[in-house]
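Below is one structure, written out as structure tokens, with a few remarks after it.
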Number of protein chains: 2
Amino acid sequence: MSTDRGEPARQRLTRAEAKARTRRLLLDAAARVFARKGFAGASVEEIAESAGFSIGALYSNFGGKEALFLELMAERGLGRVSEAAQTLDRHEAGTGEAAAELGRLLVHVADKDTDFAPLQAEFWLYAVRNPHVLDTMATALREPRQALEGLIDTWLAERGAPADVPADSVATVVAALFQGLVRLRRVDPDSVPEELFGQALQWLFSGIGAAPAPARPADQD
Amino acid sequence: MSTDRGEPARQRLTRAEAKARTRRLLLDAAARVFARKGFAGASVEEIAESAGFSIGALYSNFGGKEALFLELMAERGLGRVSEAAQTLDRHEAGTGEAAAELGRLLVHVADKDTDFAPLQAEFWLYAVRNPHVLDTMATALREPRQALEGLIDTWLAERGAPADVPADSVATVVAALFQGLVRLRRVDPDSVPEELFGQALQWLFSGIGAAPAPARPADQD
DNA sequence: GTCTATAAACAGATAGAC
DNA sequence: GTCTATCTGTTTATAGAC
């Protein structure tokens, strides 16, 4: 309290606030560097310097490289998936409009937020390689998918599909398709035009409405 | 030629054959280790030992760690995607049966061939981070997708969908969905039951057949 | 709380023996 | 053609100054 001196005191940060700010800056830098170099390929030195600090600051705020990565994973493990649900919630009516909006989201994630998909892939790889993290990720991923599920319930009712169709399955399909298209677009943009995701959703929902009870896929033998 | 001595000469390998065998063993070991540790996380020592050789043998057969990785990528970059198309080609008639077959393929890739998806993710990350490899991968991925496209053309005709629907878009959607579901199943198997992929395809194709010309997604303003 | 300097371990790659 | 030994650079993590 009495330690501040002739300093201009530009922002007046308590030590706790300063430390929190450092942590935030380090976390953001870590997201950048991990996305661009991968978990193993990134060095703590590059992360610290990218945040404008030195290695010492990093170790004073986090247990180490792995702890920093895990904290980042807990913070943005499920990324924009929950954002997506919220964005779509505003377009309750009009599946077509919502589909177009989803198309824009895909383009944004794939083209603009260039660090997002690689970081997500890095999280996935880490989880697959570290079984005890796998469960954490599984439950973390279920949350945003349930948000999607609520939305899909609405769409389904709107389309006149019977309660017969399990909304959680549809939500899983939509989420998987989104991820797959984002990844593909990063490698070959021409093969995934902006409208493709919306188009696919139209096909999907139209098909769900058309075939009410496809419980038995095909038993023709 | 005159170097072999009292050795039992079990298989009689020429030096060229022996070297080819070493390369193959190293390549296979590299696939295992890269899948489990990642490109940066894997050490050449572990790869060499996993193949039953020493570091020297690796460097005598490949330019180095990166060259080994790139060769592996060229060899199995597109993985079972082309296999999938061939498998399905046998079930020309009966979309339902083909869908069930695809479901089994997904389960196999996700559950049995545990190294496949992580290795594929590693390839993708490498391509995204090395632009000059990106183009190579884009063209490599187009090939199996065209095989899928031919198959889809058949299904579409069978379903009575007009030529209106672009088969390449459908192929892209199917491929992206497959990849997305495989990844999700590795993390949360319960959320991706064995039949889900086939089910989703049924919905999709049924929807394509139902809505003949959805060229303009939604213009209601 | 953050920085500088350093310790200790490990990586990729090479040289020469066999 | 493959192995052993080694060189060189880099890495994580820590200790002590400020």
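Below, chains carry the letters A, B, ... as their sequence lines are ordered, and counting in each starts from 1.
Rounded to whole angstrom, the span from the CG atom of B:L58 across to the C1' atom of D:dT2 amounts to 12 Å. The nearest whole Å value for the distance from the CD atom in A:E49 to the P atom in C:dT2 is 16 Å. The CD-C1' distance, from B:E45 to C:dT14, rounds to 15 Å in whole Å. Here the C1' atom of nucleotide D:dT11 and the CD atom of A:E46 are 13 Å apart, to the nearest Å. Between the CZ atom of A:F62 and the C1' atom of D:dA13 there is a distance of 16 Å, given to the nearest Å. When rounded to the nearest whole Å, the span between CD1 of B:I55 and C1' of C:dG16 equals 15 Å.
A salt bridge links A:R36 and A:D115; the closest N-O separation between the charged side-chain nitrogens and carboxylate oxygens is under 4.0 Å. Comment: B:D28 engages B:R24 in a salt bridge, judged by a side-chain N to carboxylate O separation of less than 4.0 angstrom.
At the heavy-atom level, B:S43 lies under 4.0 Å from the strands shown only through sugar-phosphate atoms. Residue contacts for B:A42: at a heavy-atom cut-off of 4.0 Å it reaches the sugar-phosphate backbone alone, with no base atom in range. Looking at heavy-atom distances under 4.0 Å, A:S54 makes contact with a base. When heavy atoms are screened at a 4.0 angstrom cut-off, B:G64 is found touching the sugar-phosphate backbone but no base atom. B:A16 comes within contact range of no nucleotide atom at all, as no heavy-atom separation falls under 4.0 Å.
The cationic group of A:K65 does not satisfy the cation-pi geometry with A:F34, failing either the under 6.0 Å distance to the six-membered ring centre or the 45° limit from the ring axis.
Between A:K19 and C:dG1 there is no side-chain polar atom (N or O) within less than 4.0 angstrom of OP1 or OP2. Phosphate proximity of D:dG1 to B:T22: absent, as no side-chain N or O sits under 4.0 Å from OP1 or OP2.
Each of A:I55, A:V33, A:L58 was scored for a side-chain contact (heavy atoms from CB on, under 4.5 Å) with A:E45, with one residue passing: A:I55.
A residue-by-residue look at A:G56 and A:V44 shows that A:V44 has its nearest nucleotide of DNA chain D further toward the 5' end.
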Determine, stepwise, if the pair B:L72 / B:E122 fulfils side-chain contact (heavy atoms from CB on, under 4.5 Å).
CA-CA 11 Å; B:L72 195 65; B:E122 212 63 47; over 6 Å; no
